[in-house]
Every structure is written in C-alpha cells, then in structure tokens.
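Please read the structure below before turning to the comments.
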2 protein chains.
Amino acid sequence: MTPGIPPRPGGRSARVRAAVHRAVEELLTESSPEALTMPVIAARAGVHPTTVYRRWGTLGELLASVAASRFSGDIVVPDTGSLRGDLETWMADVATDLADPDTLAVMRAAIGVGEEGGCACVADRHAQLAAILERGGGAPDVERAADLLLGPLYYRAIFTGRPADADWARGLVSVLLG
Amino acid sequence: MTPGIPPRPGGRSARVRAAVHRAVEELLTESSPEALTMPVIAARAGVHPTTVYRRWGTLGELLASVAASRFSGDIVVPDTGSLRGDLETWMADVATDLADPDTLAVMRAAIGVGEEGGCACVADRHAQLAAILERGGGAPDVERAADLLLGPLYYRAIFTGRPADADWARGLVSVLLG
C-alpha cells in the first residue's frame, strides 16, 4: 500500500482483489496465456504471492473469479415490451461483447485452467436469460433457450474463425421463437 | 531413443511427435493444466526441450496439434441411408466423445493457450458434417448445421455443468431439420 493515499471503499481486501483482477486482465492482453502464473500476477499487482495463493488457491480459481466478475453486471437486461425484442437486443449486446479480443482472452484463459472457468463466464448470462424469459408468458424453457441462443454464439466465438456479429446473433432468436 | 528397438514407421520424427503428444495427454490427465509447460512435456516425452520448441514453437501450437490429431479420424461418418439418421448417429457419437473427461481436458487446454486451439478441436468435425450434408439433397448449409448442432453441444460441454448426453444431442437434429 502507498502511504498517504486514503483507502478506497471496501478496504484492503477489496483493493487487493481489484489489483489482482486488473493484473490478470492486463497480462492477458500483453502476453501469451502460458506466461500467466500466480507469481507473475502477484508481481504485477504489487502484492506478495502468498496473498494471492491464500485468497484464490489456484490459478484456476483466480481466473474463474476474474471471469465471473468480468461477465457480471456488464450487460443491462433490456425492456423493449416484447419477449422477442428483449431477446434480440440482449443477444446483440452479448455478441458485441464477445467480439472484443480482450473478452475472448479472459474467456479462453478461464476455460483453459479448470472446469469451473467456462461456467464462470456464463453464469450471469444464464441469470439474465432466465429474467427475460420469466417476464414472457409461455416463454421457452431457459435450458432450451441457452442451448439455442448462447450455444451457437459461444461456439462461433471459441471454436471457429467465423464472425458472430450482432445481426447474426439477433437472428438466432427466430430459431428459438419461430 | 532406446537402442535395439526397431524404428516404427515414419522414423524419428514420427516417434518424437507421438511421444510428445502422448506426454501432453498423460500430463493433462494427471495434473492441473497450469503445470503444463514445454520443459515438463519434453522431460515426460524423453526428448530435449529444444526439440519441442523447434518443432512446435509455442505451447499453443503444440496443444493445437495435439487437439487436431486427437479429434481427427476418431469418429466414423455414418451411412444409415437417410440424412436424419446420419446426423443423429453422428451427433450421438460426438456427444459420447465429449462426455469423456480426458477429451474435455485436451479441449480446455487447447482453448486456453491460443486462438487456434478451439478451431483445431472441431476442424475435422466440420469436415465430417460437410460430408454428411453433401450426400443429402436440399440439405441445410453447413454453417447453419454447425451452429445448431455443434453449438449447443460444445456449449454445454465447455460452459455449463449440464449433461450433454447422446439422446439429447440426437434431439438437436430436429431443431435443424424440423
């Protein structure tokens, strides 16, 4: 900690978390994912490696935590007045986010180091999708909606070089709703 | 190389490739992906690290190579006499493969270390899908088929804890064909 600077809200624990999360995101934009290790992250964040190990345990847990906070609260659930409109607007927003190379770098790294990484990337997306579907009477089941909307979108982003643009993503809504 | 053992077909180069690929798969089943480094892989394969760096350049290229060979030629394109039957059989086979934790470990690691990793996992799947669709008159476009068949399947496998079993995967064919 730098003396003289007043503590930010949340105290030291929140500051460490923010510094470590920021260090991970910076390192992922700068270098190859294989260079990402707990000691390297700690050095960039200006904290002792022990602090990082004590708090997150493994690189897998740390990256899942970074992914969960990166992909949470970043997209507003739309309210267009229709289920179709809400889903189309939301899909376009998710697709736009996935087109960002920095977004993809966080996702790939989180997936690469553990089973929980992929789930951390989409947990909030599923909660948002459930919230949209709950408002519409007779709306499809959230699992089926996730399969048919998020499935093709994340598949294109992670497994193919094909563009997953906002217009195409919006079009997936008609696969679900007809 | 062990003296006295006759060289396998392909000579030293093919043996090195096989030993290094096998070392990656073994290490991925044994330890956390973050422990996977070029020197560790070389040691397990019994080759000099320089050999590994010279041949594959980076861990990302090596893992893409392992994924491409792991997910290539492992599933036979079915010939049931109908497009629907072929797609259903094939989807069940792909889903069964994705339910294997060792399969998922190779996929996650390949995705984690570079942009080419995800594509290496599915390039052969796309070729097989194209081959199935080519036989059927008036079959859907291969991109749309990949979106609606492989999208939900790989999404469940990588991003959710939900089961992606063979019956469910077979059912996706009716989303595509009606």
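The structure presented is a predicted model; accordingly, all values stated were derived computationally and were not measured. All heavy atoms count here, side chains included; hydrogens, waters and symmetry mates do not. Convention: sequence-line order gives letters A, B, ...; per-chain numbering from 1.
- No side-chain heavy atom of Asp102(A) sits less than 4.5 Å from a side-chain heavy atom of Glu25(A).
- With Arg70(B) contributing its side chain and His21(B) its backbone, the two residues share no donor-acceptor pair below 3.5 Å.
- If you measure heavy-atom distances from Glu116(B) to chain A, you find no contacts under 4.5 Å at all.
- Between chain A and the residues Val113(B), Leu148(B), Leu150(B), the most heavy-atom pairs under 4.5 angstrom are made by Leu150(B).
- Closest of all the heavy-atom pairs between Phe71(A) and Cys121(A) is CB-O, 3.4 Å.
- Proximity to chain B is absent for every atom of Ser32(A), based on heavy atoms less than 4.5 angstrom apart.
- Interface remark: of the candidates Leu149(A), Leu104(A), Val122(A), Thr58(A), Val122(A) forms the most heavy-atom pairs closer than 4.5 Å to chain B.
- Nearest heavy-atom pair, Leu28(B) versus Ala109(B), reported as atom, atom and distance to 0.1 Å: CD2-CB, 3.7 Å.
- With a threshold of 4.5 angstrom between heavy atoms, Glu143(A) approaches chain B through its backbone and through its side chain.
- Contacts between Ala146(A) and chain B at a heavy-atom distance below 4.5 Å involve backbone atoms as well as side-chain atoms.
- Using a cutoff of 4.0 Å between basic side-chain nitrogens and carboxylate oxygens, Arg144(B) and Asp147(B) are not scored as salt-bridged.
- Summarising the geometry of Leu177(B) relative to Leu87(B), their closest heavy-atom pair is CD1-CD1, 4.1 Å, with the distance given to 0.1 Å.
- In terms of heavy-atom pairs under 4.5 angstrom with chain B, the leader among Gly114(A), Pro101(A), Ala110(A), Pro152(A) is Pro152(A).
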